[in-house]
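Order of the sequence lines sets the chain letters (A, B, ...), proteins ahead of strands, with each chain counted from 1. Computed from heavy atoms alone, side chains included, the values below leave out hydrogens, waters and symmetry copies.
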Amino acid sequence: MRLPGRVRYTVIMSTYDPKLIESKWQKRWLDENLFAASDQMPRKKMYVLDMFPYPSGDGLHVGHVKIYTASDIVARYLRMKGFNVLHPTGWDAFGLPTENTAIKKGIQPAVLTAQNITRFREQMQRMGFSYDWNREVNTTDPQYYKWTQWIFLQLFRMGLAYQATIPINWCPSCKTGLANEEVIDGKCERCGTPVEEKPMRQWMLRITKYADQLLEGLGGLDWPKFVLDLQHNWIGRSEGAEIIFTLDQAGKDLPVFTTRADTLFGATYVVLSPNHPVVGEITTPEQQDAVQAYLKEAQKQVQLNSESEKEKTGVFTGAYAINPANNKKVPIWVADYVLMSYGAGAIMAVPAHDVRDFEFATKYKLPVEQVIVPETAAGETHLPYVEEGILINSPGFDGLGGAEARKAVVRKLQLSKKAKVSVQYKLRDWVFSRQRYWGEPIPVIHCEKCGVVPVPEKDLPVELPAVDKYEPTGTGESPLAAIEEWVNVKCPTCPRIGRRETNTMPQWAGSSWYWLRYVSPNYTPAFADPAIMQKWLPVDIYVGGSEHAVLHLLYARFWQRVLHDANLVPHSEPFKRFRAVGLVIGEDGQKMSKSRGNVINPDEMADKVGVDALRIYEMFMGPFEASVAWNINGMKGSRRFLDRTWDLIVKHAPTAVDRKDQVEDEEVELLLHQTIRRVSESTENFKFNTAISSLMEFLNVLEKKPSLTMQTLQPFVLMLAPYAPHISEELWEQLGHTQSLAYEAWPAVNQKLLARATVTVPVQVNGRVRGELQFDPGISEEEVIKRARELPNVQKHLTGKALVKTVYVPDRLLNFVVK
RNA sequence: GCCGAGGUGGCGGAACUGGUUUACGCGCACGACUCAAAAUCGUGUGGUCGCAAGGCCGUGAGGGUUCGAGUCCCUCCCUCGGCACCA
């Protein structure tokens, strides 16, 4: 029975019982569909997104809770600030761990995924996250991956998806190819197995075409600097020149790439990568055996993935090249410190001005010719000298320096077509196919006559067939290849029978556009409703792990740009503001892992202290972006804070008066407004730890007061609400409200009151604090000095000394400088 | 090696554009309640000298700028994250 107005209808519980109130409010939020976002845009929009989870069999991790609590706090705060908030979630459910578990347990991946999702959903709902559950998406749902496939076909039509047989990173344990971004230290990102190089037919996405755009786009993003740097370095743009050496005998061109054209006269030899196509044809008969032996050795080295610190090795080909700058004949060597995959696969070696070339030249007794001297220092230069400087021994260019010299050299050679400006990137095209079962089928059909034919749009999605055996074959073929009735299909453009593509997409595909799907998750004519995209996009605040700094966050930006170029989405960048979470470390200071046995389970913690205390603790334990070790006592402290909050409100609720204009206690009122200001600013800046400490300070003062008004109790509960929503809803009800506080107005700061507040100002003598003064802001300097001189301890330090200077910062500080 | 972030009590961490270092929490000590313990509440808690008032020293090390430096500048040490023969 609920009665209106100020009559209290709940029995006030004497002690805080989290379990009881958590289930009560979670049920009510869901029943009332309280957090459904309206497409009608009654108010200004905010799209608050966190990285949707991979629903693994391990269940929710305390790291998930940290990310999702943060985005939940921001979403709840913004709702109270009057924004129309879109805060959705879903499941990034394709991928290897599920497939591997499925194989081990003998369950279909789809079935296992459904189980995991159910568990994850329950766990996430238990944490009180205010998601709009009507918008849940699932990357493994055919109605979802229909559009993942559709987007792939757009990429294909735009020439951005292509097949190539190239040596790729092959993980022998996962039995699939990997993207460059998935190889860490020469090992598989997922399982740690050293990767092998294996030439295979692959689907590739031409992300390199977007290298410059992806680089420039970083400039407008409010992202952590380290993530911007990471992407910047990963793209690895470097400006230089392609310089054409000439093969001595054949007269053929041999282009090399350099960023230091100014050192061209110091090039004393040329080095080819072992994989360079001309190696075989230029090697002289005398050197044939030595070169062949070296190539074999180098091949092995790649497979061993030897440490980068290894000593440089190489072999002379017997051939020579002509340096176009001075027509000098220089020997051509082969060495594996030159990579085929970067630049021209060949370099001009300038041992005097490059550490690697110097090391190599020293070992093989190749000539070193200095052509750069430091601008300032006189005398002998220590080689290798890699800094910029003034050119010497470079006829026609002596005396020039740095960029000017580089330009001049390139310009001169350009006249005879022996050089051109060139830009190189470290970024490689994205290896987009996987030889595994549990992924989106790549929607193309191979026809003997027609070649690669895209599956017609009306036939999408190409559904994953149910299979008995989804173990990877290890042959480079996906298990799908074994299902004849699925593979063999009529060619869409001719009467022949073609074969379906049996490779699947990588785990990253579904997450490369999911934020677009949330705006209209059930829309059937397209991947998203264009009108609604205009309303919600872009994502205003994105929260997630930094482990995706170059993977997901780069792929997502790439797809967004492609779709933008095709006029399919309104913005070129998907995520305006991104905040990266810091790891939650085990109590032993080590990364949490099952094998170490230091994993903290959020459900267990919630059982112990309640969900709200868990949320408060995870936000309070340290700065959001920092890695902090778990501390069980710290979590109990968060619970203590909520216990005391509960006691305070329950104690005052029956007697608190509602005084519209004035609070009875000046100290309380001042602190209230300071707290509102601090909590608001801290929340907006992701400084959740200091927001909570401000609330704690406020509570510490309130506890000492014999009586409090509604004008104090209500804002306190409202400010706590984004952080600890269940207890806050309950206390709000006990303060006489019948509606949820989720859409109550966030308390407003009384700026005038804060400006009028008495200030406490330290008085220093020679920079050391000797006393303090309290006064109303704005009083004159003379008055402050006069009163400061009256302080006994200040007097003591002034007597017998000559006053040199007085520094007064109004309302902040007074400093007497004496001698 | 290169790029980036950071070194503040016993611990996690606060500190606005240079202005009272150590807020808040944990831990610890003592006290109250209790037969006792736990829980809870109260008081204290950087080091050092002092009965006290108060003094001196303290933000990785050393130097500098300044009336005043955790914050700015230079040199160095250490930790963490990333890249790594990218020409």
Side-chain angles (χ1 to χ4, degrees), chain A residues 184-186 224-234 236-238 240 256-260 263 271 273 307-312 335-339 341-350 353-357 359-360 386 424-428 546-547 549-550 580 582-583 585 616-617 620-623 625-638 640-641 643-644 647 678 681 687 689-700 703 760-772 792-793 796-797 804-809 811-818:
Chain A
I184 312 287
D185 258 348
K225 185 175 171 358
F226 83 95
V227 179
L228 296 174
D229 286 346
L230 244 47
Q231 293 218 349
H232 191 98
N233 293 338
W234 190 261
R237 180 191 157 99
S238 61
V256 302
F257 174 73
T258 181
T259 54
R260 292 296 302 272
T263 64
V271 189
S273 162
E307 314 77 69
S308 49
E309 289 298 307
K310 77 175 182 201
E311 203 183 318
K312 292 184 184 20
D336 64 1
Y337 80 93
V338 174
L339 310 173
S341 55
Y342 185 80
I347 61 155
M348 61 179 214
V350 186
H353 305 294
D354 182 283
V355 281
R356 296 152 304 184
D357 297 343
E359 188 192 325
F360 192 79
V386 299
Q424 292 293 325
Y425 302 89
K426 288 192 210 173
L427 184 69
R428 302 269 75 96
S546 53
E547 69 272 20
V550 283
L583 287 181
I585 309 286
I616 292 273
Y617 173 60
F620 184 65
M621 62 196 293
E625 67 283 358
S627 296
V628 184
W630 196 267
N631 179 332
I632 197 90
N633 282 321
M635 191 181 63
K636 286 183 194 152
S638 298
R640 249 195 301 265
F641 165 62
D643 280 331
R644 287 163 50 203
D647 291 345
R678 287 180 193 146
E681 281 176 10
K687 296 170 91 174
N689 54 334
T690 55
I692 292 167
S693 71
S694 299
L695 290 171
M696 286 172 168
E697 284 178 76
F698 193 32
L699 174 67
N700 289 344
E703 278 180 329
T760 303
V761 166
V763 180
Q764 302 181 331
V765 179
N766 284 347
R768 289 171 176 274
V769 181
R770 302 299 180 186
E772 62 178 40
N793 201 34
K796 195 172 114 190
H797 287 273
V804 180
K805 191 175 173 182
T806 307
V807 180
Y808 179 58
V809 184
D811 303 337
R812 293 303 296 258
L813 167 136
L814 177 66
N815 187 14
F816 293 111
V817 184
V818 298

Item to check | Distance, P atom - from rG25(B) to rU40(B), rounded to whole angstrom | outcome: 14 Å
Checklist entry - Nearest 0.5 Å, what's the CE-CG distance between Met348(A) and Asp357(A)? => result 9.0 Å
Item to check | Leu339(A) vs Thr760(A), nearer the 5' end of RNA chain B by closest nucleotide | outcome: Thr760(A)
Next on the checklist: From the set rG82(B), rC85(B), rC67(B), return the single nucleotide nearest to any side-chain atom of Asn815(A).
Outcome noted: rC67(B)
Checklist entry - Which part of the nucleic acid, if any, lies within contact of Val338(A), taking any heavy atom under 4.0 Å across all strands shown: a base, the sugar-phosphate backbone alone, or nothing? => result base
Item to check | Euclidean distance, Asp643(A) CG relative to Lys636(A) NZ, rounded to 0.5 Å | outcome: 13.0 Å
Checklist entry - Separation of Asn766(A) atom CG from rG68(B) atom C1', in whole Å? => result 10 Å
Next on the checklist: Quick one, His797(A) and Asn793(A) - any side-chain contact, counting heavy atoms below 4.5 Å?
Outcome noted: yes
Item to check | Out of rG19(B), rC41(B), rC24(B), whichever nucleotide has its closest atom nearest the side chain of Arg640(A) | outcome: rC41(B)
Next on the checklist: Distance check needed: rG25(B) C1' versus Ile632(A) CD1, whole Å only.
Outcome noted: 15 Å
Item to check | Reported CG-to-OG1 distance for the pair Asp811(A) and Thr760(A), which is rounded to 0.5 angstrom | outcome: 11.0 Å
Checklist entry - If you look at every strand shown and take non-hydrogen atoms under 4.0 Å, does Gly637(A) touch a base, only sugar-phosphate, or nothing? => result sugar-phosphate
Next on the checklist: Let's see if you can work this out: which of rG27(B), rG25(B), rU20(B) has an atom nearest to the side-chain heavy atoms of Arg644(A)?
Outcome noted: rG25(B)
Checklist entry - Is Arg428(A) reaching over with its side chain to a backbone N or O of Ser341(A), donor-acceptor style, under 3.5 angstrom? => result yes
Item to check | Gap between atoms CG and C1', on Asn631(A) and rC24(B) respectively (whole Å) | outcome: 15 Å
Item to check | RNA chain B: 5'-proximal contact among Asp229(A) and Asp643(A) (nearest heavy atom) | outcome: Asp229(A)
Checklist entry - Under 3.5 Å, is there an N or O donor on one side and an acceptor on the other linking the side chain of Arg812(A) and the base of rC16(B)? => result yes
Checklist entry - In whole Å, what is the span from the CG atom of Leu230(A) to the P atom of rA84(B)? => result 10 Å
Item to check | C1' gap between rC77(B) and rG63(B), integer Å | outcome: 15 Å
Checklist entry - So how far is it from Arg678(A) CZ to Lys687(A) NZ, rounded to the nearest 0.5 Å? => result 12.0 Å
Checklist entry - With sugar-phosphate meaning primed atoms plus P, OP1 and OP2, does Gln764(A) contact a base, only sugar-phosphate, or nothing at under 4.0 Å between heavy atoms? => result base
Checklist entry - Which one, rA14(B), rC24(B), rG19(B), comes nearest to the side chain of Ser693(A)? => result rC24(B)
Next on the checklist: Whether Asn793(A) contacts rG55(B) is assessed here as follows: a side-chain N or O lying under 4.0 Å from the phosphate OP1 or OP2. Is that the case?
Outcome noted: yes
Next on the checklist: From the set rC83(B), rG13(B), rC24(B), return the single nucleotide nearest to any side-chain atom of Phe620(A).
Outcome noted: rC24(B)
Checklist entry - Do Ser238(A) and Phe257(A) come close enough that some side-chain heavy atom pair is under 4.5 Å? => result yes
Checklist entry - Which whole number of Å gives the distance between the P atom of rC28(B) and that of rU34(B)? => result 24 Å
Checklist entry - Between the base of rC26(B) and the side chain of Asn633(A), is there any donor-acceptor pair under 3.5 Å? => result no
Checklist entry - Has Arg678(A) got a side-chain N or O lying under 4.0 Å from the OP1 or OP2 atom of rC16(B)? => result no
Checklist entry - When we call it a touch if two heavy atoms are under 4.0 Å apart, what does Val628(A) touch: a base, just sugar-phosphate, or nothing? => result sugar-phosphate
Next on the checklist: For the P atoms, the ones on rA38(B) and on rG31(B), what distance do you get once it is rounded to whole angstrom?
Outcome noted: 13 Å
Next on the checklist: What is the separation between atom CE on Met635(A) and atom P on rG27(B), rounded to the nearest whole Å?
Outcome noted: 12 Å
Checklist entry - For Lys636(A), which contact category applies under a 4.0 Å heavy-atom criterion: base, sugar-phosphate, or nothing? => result nothing
Item to check | Distance below 4.0 Å between Thr690(A) side-chain N/O and rA23(B) OP1 or OP2 | outcome: no
Checklist entry - Counting side-chain heavy atoms from CB outward, which of rC24(B), rG13(B), rU40(B) is closest to Asn700(A)? => result rC24(B)
Checklist entry - If the P atom of rA23(B) is compared with that of rC73(B), how far apart are they to the nearest Å? => result 28 Å
Checklist outcome for this item: Looking only at rA87(B), rA14(B), rG4(B), the nucleotide nearest the Asp354(A) side chain is rA87(B)
Checklist entry - In whole angstroms, how far is the P atom of rU40(B) from the CD atom of Glu703(A)? => result 13 Å
Checklist entry - Which listed nucleotide (rU20(B), rC85(B), rA15(B)) is nearest to the side chain of Lys687(A)? => result rA15(B)
Item to check | Nearest-neighbour nucleotide for the Ile184(A) side chain, rC83(B), rG19(B), rC3(B) considered | outcome: rC83(B)
Item to check | Euclidean distance for P, rU21(B) against rC56(B) (whole angstrom) | outcome: 13 Å
Item to check | In rG50(B), glycosidic geometry as syn within 90° of 0 or anti otherwise | outcome: anti
Checklist entry - rA14(B) and rC24(B): how far apart are their C1' atoms, nearest whole angstrom? => result 7 Å
Checklist entry - Does a distance-only test, which skips hydrogens and angles, find a donor-acceptor pair under 3.5 Å between the side chain of Lys805(A) and the base of rC67(B)? => result no
Item to check | Length of the CG-C1' vector between Asn233(A) and rA84(B), whole Å | outcome: 11 Å
Checklist entry - Val769(A) near the nucleic acid: base, sugar-phosphate alone, or nothing, with a heavy-atom cut-off under 4.0 Å? => result sugar-phosphate
Next on the checklist: Whether His353(A) contacts rA87(B) is assessed here as follows: a side-chain N or O lying under 4.0 Å from the phosphate OP1 or OP2. Is that the case?
Outcome noted: no
Item to check | Spacing between Glu547(A) atom CD and rC80(B) atom P, to the nearest angstrom | outcome: 20 Å
Checklist entry - What interatomic distance, in whole Å, is found between P of rU22(B) and the corresponding atom of rG44(B)? => result 15 Å
Checklist entry - Hey, what's the ring geometry for Tyr337(A) with Phe360(A), parallel, tilted or perpendicular (30° and 60° as the breaks)? => result tilted
Next on the checklist: Closest approach to the side chain of Asn689(A), judged atom by atom: which nucleotide of rA87(B), rG13(B), rG4(B) is it?
Outcome noted: rG13(B)
Checklist entry - Taking a pair as Watson-Crick or G-U wobble with both distances under 3.5 Å, which nucleotide is matched to rG42(B)? => result rC30(B)
Checklist entry - Do Trp630(A) and Tyr617(A) touch side chain to side chain, with heavy atoms closer than 4.5 Å? => result yes
